[in-house]
There are 2 protein chains.
Amino acid sequence: MAKSNSNKTGKIQSVDRALTILEVIADSDDGLTLAQIAERMELPKSTVHGLISTLRDHKYVKQAEEDGRYLLGIHLFELGTRLARSWDIRDAAKPAMRWLSKEFGETVHLGCEENGEVLYLDKIAADSLVTIVSDIGARLPMHCSGIGKALLAHKSDAEIRRHIANLGLAPLTGRTITKADELMKELEKVREQGFALDDGEIMEGLRCVGAPIFDADGIVRYAISVSGQVKDLYGKRLERLIIETQKAAKEITYALKKGRVQSK
Amino acid sequence: MAKSNSNKTGKIQSVDRALTILEVIADSDDGLTLAQIAERMELPKSTVHGLISTLRDHKYVKQAEEDGRYLLGIHLFELGTRLARSWDIRDAAKPAMRWLSKEFGETVHLGCEENGEVLYLDKIAADSLVTIVSDIGARLPMHCSGIGKALLAHKSDAEIRRHIANLGLAPLTGRTITKADELMKELEKVREQGFALDDGEIMEGLRCVGAPIFDADGIVRYAISVSGQVKDLYGKRLERLIIETQKAAKEITYALKKGRVQSK
DNA sequence: AAAATAATTCGATATTATCGATTGATTGTT
DNA sequence: AACAATCAATCGATAATATCGAATTATTTT
């Protein structure tokens, strides 16, 4: 499965290939040998070798000492964290997220949309032994998560329809909304209520409350969510969680306006 | 200040240049224009443009909407976090770090050596409003930090001497150890004690206790540290912190042995 | 010890990156 | 409002450079 080298603009072939190598390695569980990478990219080994040596010299790739297989390199960690540090939204959101997590003892996420999916930008993990939910930097579908629905709900109907047409509505559990019209209705509700509820739509037994964060222009750019097990989130406690999650999102919206805006 | 293109191995020029562009952008505070990048790399703008467009297509770089200046792209965040997730050490260390942070209400770091410097791999921040200390992914010198001294102390004398010769002993505060012999003595003490104390050597008023973590082969690969203000860390409380930090490091060493070892 | 599979090096070839000049778009100035 | 200046983006001729298959070296397996 080689990435197509669809050259829209004047791309530099070797750079394009080198970056694709990184993606191929990232998609593997535990690194790949040179031969495996060459096979997947449908390129001669020597070509891949030249590219990957250059990546290694810059620490974008490292070789396992045992065998010589290639893994992602430490420099990606450094650049990724440096980028994350530049986002004002994280600082703006941190205090409210901390408070929420501590108050309810649950896991709090901060996310944004990235290419039609939810991307987790930050996370305050609950102390509980099992943290079922996803990690920073992970992606998940928009139509079945608290953050995703909160983000999606504030788009125009046309945009939502387009999103559905492009990405589809994959069922992750039996509760996932898979019909377009049903999702439209649900999102209208989300918009009116001011919060989104994911009730086992992404994973059975997992409940999740999401609320939107507006940037200085009044556009929804981010959302937070609080996730926990259904057995812990119901009735009065759930009601209070909903209220507090919305409050927190509003606080973050405010904090974001105050600081200079350095968008993601 | 262009990076020299010292071609040791058969490097691919365009890839080498593209990666250097990322470094140049990362070194800037708030992104750079094409012209600025071209100037720093001593390359024609059109050359840089081709390379950087390719980086942009892969989301390793993004362009600010306002002006067209170039910033690091979201994909670096995704790759960096994916890499971080693959490190067993983080999972192994997390519980003990959490406990330490909660017990003392201070900030706990996990770090390793990377190219003669301490690289922070993880952090549990104290709830306190001001978090003075560094962030995940940041680097700092080895000779004046708790983690750094713990790591350095368990190398051979020859290696330590070489480290000093290569990197020097820059004084960050008036308390920083800047004489080689003095540092050798200090590290011997660290080795004997089993912990390292940074007493305002990196920043006035900041105290920090570090302890080494051994991998399955008995080599020191990581270290943790607890940092706080001098006014909070002294006397009985400091004594107890030292004991608990060492305990935590031992626990992590043990946890690391149990799991399969996926080194950084 | 031999066979097999890995990464790495080599050198001829023409594909492809490079570079200066030009264009187009945007911002700031008089 | 027109001009000047500055920026990114485009173009096309040129030769420098990435590419590729074959050969080599290193490591592991039988």
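Residue numbering restarts at 1 for every chain, and letters A, B, ... go by the order of the sequence lines. These numbers come from the heavy atoms of this one structure, side chains and all, not from hydrogens, waters or symmetry mates.
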### Message
Going by ring-ring contact (aromatic ring centres under 6.0 Å, His included), name the residues that satisfy it together with His143(A), two or more places apart in sequence or in a different chain.
### Response
none
### Query
What's the CD1-C1' distance between Ile52(A) and dA18(D), to the nearest Å?
16 Å
### Message
For His58(A), give me all partners under ring-ring contact (aromatic ring centres under 6.0 Å, His included), at least two apart in sequence or on another chain.
### Response
none
### Query
Residues two or more places apart in sequence or in another chain: which of them pass side-chain contact (heavy atoms from CB on, under 4.5 Å) with Asp91(A)?
none
#### Entry: Heavy-atom side-chain proximity of Met41(B) to Ile21(B) below 4.5 angstrom
yes
### Query
Which residues satisfy the side-chain contact (heavy atoms from CB on, under 4.5 Å) test with Arg85(B), sequence neighbours excluded?
Asp135(A), Ala138(A), Thr81(B), Arg82(B)
### Query
For Pro95(A), what residues pass the side-chain contact (heavy atoms from CB on, under 4.5 Å) criterion, not counting sequence neighbours?
none
### Query
Between atom CD in Glu65(A) and atom P in dT28(D), what is the gap in whole Å?
13 Å
### Message
From CD of Glu42(A) over to C1' of dC20(D), roughly how many Å is that when rounded to an integer?
### Response
16 Å
For nucleotides 5-8 of chain D, print each protein N/O atom paired with a nucleotide N/O atom at under 3.5 Å, atom names and distance only.
unit_1	atom_1	unit_2	atom_2	d
dA8(D)	OP1	Leu34(B)	N	2.3
dA8(D)	OP2	Ala35(B)	N	3.1

### Message
Test of understanding: with ring-ring contact (aromatic ring centres under 6.0 Å, His included), list the residues that count as partners of Tyr70(B), not counting sequence neighbours.
### Response
none
#### Entry: Residues that Ala165(B) engages under side-chain contact (heavy atoms from CB on, under 4.5 Å), provided they are two or more places apart
none
Distances for protein N/O vs nucleotides 12-17 of chain C N/O pairs under 3.5 angstrom?
unit_1	atom_1	unit_2	atom_2	d
dT16(C)	OP1	Gln13(A)	NE2	3.0
dA17(C)	OP1	Gln13(A)	N	2.6
dA17(C)	OP1	Ser14(A)	N	3.1

### Query
Tell me: CD of Glu66(B) to C1' of dG28(C), nearest whole Å?
18 Å
### Asp16(B) CG to dA16(D) C1', straight-line distance once rounded to whole Å
16 Å
### Query
For the pair made of CG in Asp67(A) and P in dA26(D), what is the distance, rounded to whole Å?
18 Å
### Separation of atom CG in Leu43(A) from atom P in dT19(D), rounded to whole Å
7 Å
